[in-house]
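Have a look at the structure below before the remarks.
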There are 2 protein chains.
Amino acid sequence: MRTRDVNKENIIQEKAIEMIVKEGLDGFSMQKLAKAANVSPATLYIYYKDRDDLITQIATTVSHRLMETSLKGMHPKMSFADGLELQWKNRMEFFFKHPLDVEFIEQIRYMPTYDSVRDSIRQNFGDVLGRFVHNAINRGELQPLPFEVYWSIAFAPLYQLIKFHAQGSSPASEKFSINDDIVNQTLQLVIKALKP
Amino acid sequence: MRTRDVNKENIIQEKAIEMIVKEGLDGFSMQKLAKAANVSPATLYIYYKDRDDLITQIATTVSHRLMETSLKGMHPKMSFADGLELQWKNRMEFFFKHPLDVEFIEQIRYMPTYDSVRDSIRQNFGDVLGRFVHNAINRGELQPLPFEVYWSIAFAPLYQLIKFHAQGSSPASEKFSINDDIVNQTLQLVIKALKP
DNA sequence: TTCATAAATGAATGAATATTCATTTATATT
DNA sequence: AATATAAATGAATATTCATTCATTTATGAA
């Protein structure tokens, strides 16, 4: 039998992300994607059940890549400050290497479509993070907090920084630059906030 | 001459927000909106130049309403803790009164479409907030921080809490409840982080 | 080389899309 | 009451959309 062209699959993913970041999910269509990827529209339906499945599958793939990078070098027994800093650093590294991927995720993160992606992340990576937090609390390095409070303080600021950066292209707004200083300064404030 | 039906304009806005929250910008169309608002599609083009203008205009209106509520009772000379708490409370009040409006804004907040809305907010409300922050720094109640760092710590956590709440309907995920306790606890951590 | 099979295609379908336009309707002014 | 004017309309247009299908193509196994 004829073999699947792996390269073709990658191009489809890449172009889809590019298009969605540039024009939004709104202006994204299967035919435009097919043209951009030099592929017949019908080919897309070999790889993906339908439009929705295409978006969900790509989002899941990218999210998993992001989470894997984010947890690189993490041990559940690390000190809280070290572990949080490592996660921030890892996420920033991913962001600088794959800015489009991150913008793509941020774009669909608040849509109904993303629900299943979130569940998949929780299933695959929830354990390590849960143990890390648990240990930090036991050692008195982290306040015991409801999950929502913890996450809102620990990661929402990082994502806000990333968004500032992504919005830097707006014409009338001043440009924001995310550099290591900005990120570190914010991280230190976050660690300070979470210390018991 | 025939007078414009103000009620009609409100219904159009309301239905548009409802539809976009429920189906996303993606599944939103002028014809569906016209039907939902009991109006001819052509009527929409009396009020709005085109689809994009409709979305931008409604987003601007809602954002301004949110900002006005958020600044209710604010004096630039307030203590930082009081001022920040007031803004959080005001925003939460708006959120509980108009949850759809907030979800609508969150939905388009990260799209290219929103750039002009952001600029309009800055033009109309940037001054009061700027003076408030300036005074707080002068009195030593707030660290002098780059704007990105300040905003990431001061407000990103609140918006994350709101998003958690909005996502509570996801079937496989646990439900999150935002109550006053959660919000207050987070706010106290934020104030602690920002204190010199 | 032959065969079986999944990959890949291009063209086609019907539904839905944004927008326009000639016409009608309501009202404020005269 | 008559008029002028902007609001409001419904039908129409051309375009774009997601998806399908009969057909062709490439390749691993025989």
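Side chains included, hydrogens not; waters and symmetry mates left out as well; all remaining heavy atoms used. Below, chains carry the letters A, B, ... as their sequence lines are ordered, and counting in each starts from 1.
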*Give a yes or no answer on whether the side chain of B:Gln143 reaches the backbone of B:Lys195 with a donor-acceptor pair at less than 3.5 Å.*
yes
*Report the residue (A:Ser40 or A:Gly27) whose heavy-atom-nearest nucleotide on DNA chain D is the more 5′ of the two.*
A:Gly27
Identify all pairs in which a protein N or O lies below 3.5 Å from an N or O of nucleotides 25-29 of chain D, and state each distance.
unit_1, atom_1, unit_2, atom_2, d
D:dT25, O2, A:Arg2, NH1, 3.1
D:dA26, O4', A:Arg2, NE, 3.4
D:dT27, O2, A:Met1, N, 2.9
D:dT27, O2, A:Met1, O, 3.2

*Hey, does A:Leu187 have a side-chain heavy atom less than 4.5 Å from the side chain of A:Glu85?*
yes
*For B:Arg91 and B:Tyr159, does a side-chain donor sit closer than 3.5 Å to a side-chain acceptor?*
yes
_Return whichever of A:Gln31 or A:Leu44 has its heavy-atom-nearest nucleotide of DNA chain C closer to the 5' end._
A:Leu44
_Backbone of A:Tyr48 reached by a side-chain donor or acceptor of A:Asp53 within 3.5 Å_ = no
*asked:* Under the criterion side-chain contact (heavy atoms from CB on, under 4.5 Å), I'd like the reasoning laid out for B:Met67 against B:Val128: C-alpha separation, chi angles, the key distance, then a yes or no.
replied: CA-CA 11 Å; B:Met67 285 306 291; B:Val128 188; over 6 Å; no
_Output the rounded distance in Å from CG (A:Asp52) to C1' (D:dT19)._
14 Å
*Anything under 4.0 Å to a heavy atom of chain A counts; send over the first and last such nucleotide of DNA chain C, read 5' to 3'.*
C:dA4 to C:dG10
*asked:* Using a 4.0 Å heavy-atom cut-off, does B:Tyr48 contact any base of the nucleic acid, only the sugar-phosphate backbone, or nothing at all?
replied: nothing
_So that I can tick it off, tell me whether B:Glu68 and B:Arg65 are bridged by a salt bridge, with the cut-off set at under 4.0 angstrom between side-chain N and carboxylate O._
no
_Euclidean distance, atom NZ of residue A:Lys49 to atom P of D:dA18 [Å, nearest integer]_ = 15 Å
_Test item: B:Gln160 side-chain N/O and A:Ala156 main-chain N/O as donor-acceptor pair under 3.5 Å_ = no
_Side chain to side chain, A:Gln87 and A:Phe155, heavy atoms closer than 4.5 Å_ = yes
*Which part of the nucleic acid does A:Thr43 contact within heavy-atom distance under 4.0 Å: base, sugar-phosphate only, or nothing?*
base
*Mind checking what makes side chain to side chain contact (heavy atoms under 4.5 Å, CB included) contact with A:Val133, not counting sequence neighbours?*
A:Ile137, A:Leu142, A:Tyr150
*side chain to side chain contact (heavy atoms under 4.5 Å, CB included) partners for A:Lys15, two or more places apart*: A:Ile11, A:Glu18, A:Leu33, A:Ala36, A:Ala37
_Test: salt bridge (Lys or Arg N to Asp or Glu O under 4.0 Å). Region: residues 20-43 of chain A. Which pairs qualify, not counting sequence neighbours?_
A:Glu23-A:Lys32, A:Asp26-B:Arg51
*Would you kindly give the CE-to-C1' distance between A:Met30 and D:dT19, to the nearest whole Å?*
8 Å
*Angle, rounded to 10°, between the helical axes spanning five pairs at each terminus of the helix from C:dT1-D:dA30 to C:dT30-D:dA1?*
20°
